Amino acid sequence: MKTMWQKLSLRSRLSLLLALVLTLGLAVNIARLVLAAAPRVQAEDQSVIRLAREFIETLVAGLNETPDADAKLDRVVRDLNRLRHVSITRQNDAVEPAPLTNGRSGDDNEMRSLPAWFVALVHPEMTAVNVPITINGKPGSLLITSHPDDEMAEIWDGIVTQLQVGSAVAIVLFLFTIMVVSRALAPIETLSEAMTKIESGGYATRVKPDGPPELAAICGKLNHLAAVLGDAVDDKMRLAERVVSLQDVERKEIARELHDEFGPYLFALRAHAGALTRIADARDPNVEATRKHGSAILEQVNALQQTNRRVLEKLRPVGLTELGLREALGALLRLWGESHPDVVVETAISPSLGATGETADLTIYRTIQEALTNVFRHAGATCVNVTVEPTELPSGLTRPGRGGALVRVRDNGSGLRPDHKLGFGLTGMRERILALGGSLTIASGDNGVTVEAVVPRDVRC
């Protein structure tokens, strides 16, 4: 039963509940009329018999003064038997009168037209009252019997009429309510179709707010959701394109450095190696020339090692994995401080930061490195403040409960020009942080520039 109910649509559920309520209401009303029928018939019986008895007692009181009391009593009984709701039978000790039909064939037909259960419930037994009389000194009695056929037929007709009218009203009300409910629930089908289109990638789908205020509000929220999803997908596509573009730029830069830096050194090494070969092939090798070319080769190798270290530093900070984020940042800040002694570098790395993960560590390191590069190249600052501390990420950025690190680099330089555009470095960092589920903001003013990044911890942390 529960499974069947769950398979029904909302319209079907409302229709079924409404039909049950209307049927129950009609049944209660009919049951009330049926239960009230018996007291009503009983009250009618008692009223009719009481009136007939009082009337007979009044008529019989003057019968003994008439010359033929028996004949007059018979006429009185015949006249009274014309009443609809009672029958009167004369009884005495001498003669047992035949039962009087009272001409009630129509009443019998009415009784036969009534349901047997209704007759048994309303008036199972006839009500009869025996009225004693004395005629010319002879005792006798008149038997007054009630016949509530008309009253029961009237009540039954009222019940049937109530059933018919109530059923008609219930059907009209049911159809009207179903029509109103169908019109009210029509936006749900539109919402379902719109959700299907959005699921398939149709983020331009919009639903006209219609129906009750609640459904109209849902339509508005769905439209807003579709717009947000569309913007998010567009941002994702732009981010992917930007990532590809930045990767190409990085590859070109690495290729240029390899060509510009490694190429001359390798050419020089080849030249010195060739010279050494020629000296070795000579009959009288020149020791001084050999030493000169060997020294030159050592110098070129040292230069190659430095260049290789610089290129590797761009690709991956040396010591970040081995030393950890805190030590690697300390070394980076010391190098900047040594190369720019005229700039005060203040650092505050919270001891409660904890492990953030390899990806987050690299992102934090690169963000600080890029921000400091811009400060020392363009800001003309005399003081730089670097802070790294734990933070809780807003629910709109990533999954709830996933913490992260707040990175802030603030300088007291000249600030950014109004028409300034971010370079590849900070643009790439912003997109990297956004891809991780964080955020990066840059605020510029008269007191300098503040770069603030929220970097989520790695999922495994």
Side-chain angles (χ1 to χ4, degrees), residues 313-314 316-398 401-416 422-423 425-461:
E313 178 68 22
K314 290 184 178 180
R316 176 76 181 180
V318 178
L320 180 61
T321 303
E322 294 79 6
L323 302 178
L325 176 63
R326 190 180 304 274
E327 296 297 330
L329 286 177
L332 174 66
L333 295 173
R334 283 194 301 272
L335 288 176
W336 280 113
E338 293 173 357
S339 60
H340 297 80
D342 56 331
V343 179
V344 178
V345 180
E346 299 175 348
T347 61
I349 302 176
S350 174
S352 60
L353 179 62
T356 58
E358 183 179 355
T359 303
D361 288 348
L362 180 59
T363 304
I364 295 171
Y365 185 93
R366 290 300 192 196
T367 301
I368 295 176
Q369 184 183 48
E370 188 64 34
L372 290 176
T373 300
N374 290 332
V375 169
F376 291 116
R377 284 182 180 176
H378 311 294
T382 60
C383 181
V384 182
N385 180 269
V386 179
T387 60
V388 182
E389 58 188 14
T391 185
E392 288 295 330
L393 274 65
S395 60
L397 293 180
T398 185
R402 180 180 171 190
L406 175 63
V407 180
R408 185 182 295 111
V409 179
R410 182 186 294 115
D411 65 74
N412 63 349
S414 58
L416 301 176
L422 296 181
L426 284 179
T427 299
M429 291 310 304
R430 169 177 284 175
E431 293 174 351
R432 176 186 178 92
I433 294 173
L434 289 176
L436 295 177
S439 65
L440 185 141
T441 57
I442 301 174
S444 177
D446 297 335
N447 297 326
V449 177
T450 299
V451 177
E452 187 172 281
V454 177
V455 181
R457 297 179 187 272
D458 290 358
V459 178
R460 291 171 293 180
C461 291

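We're numbering straight along the sequence, starting at 1. What you see is a predicted model; the values in this text were computed from it and never measured. Because only heavy atoms are used, hydrogens play no part in the values below, and waters and symmetry mates are left out as well, while side chains stay in.
In this structure the side chain of T367 reaches within 4.5 angstrom of the side chain of L440, judged on heavy atoms. A heavy-atom distance below 4.5 Å is not found between the side chains of T363 and V407. Inter-residue side-chain proximity for N374 and V451 is flagged as unmet; no heavy-atom pair is nearer than 4.5 Å.
Considering every non-hydrogen atom in both P390 and S352, the closest pair reads CG-OG, 3.5 Å. A405 and I364 get closest at one heavy-atom pair: CB-CD1, 3.7 Å. R326 and S350 get closest at one heavy-atom pair: NH2-O, 3.2 Å.
Expressed to the nearest 0.5 Å, how far CG of D411 lies from OG1 of T450 amounts to 7.0 Å. Here CZ of R334 is found 10.5 Å from CG of L329. Values are rounded to the nearest 0.5 Å. For the atom pair CD1 of I433 and CZ of R366, the computed distance is 13.0 Å after rounding to the nearest 0.5 Å. To the nearest 0.5 angstrom, E452 atom CD is 8.0 Å from T387 atom OG1.
D361 pairs by the side chain to side chain donor-acceptor pair (under 3.5 Å) definition with T356, not counting sequence neighbours.
When each of L406, V455, I368 is checked for a side-chain contact (heavy atoms from CB on, under 4.5 Å) with V388, only I368 meets the rule. A side-chain contact (heavy atoms from CB on, under 4.5 Å) with R410 holds for exactly one of V375, V384, N385, V386; it is N385.
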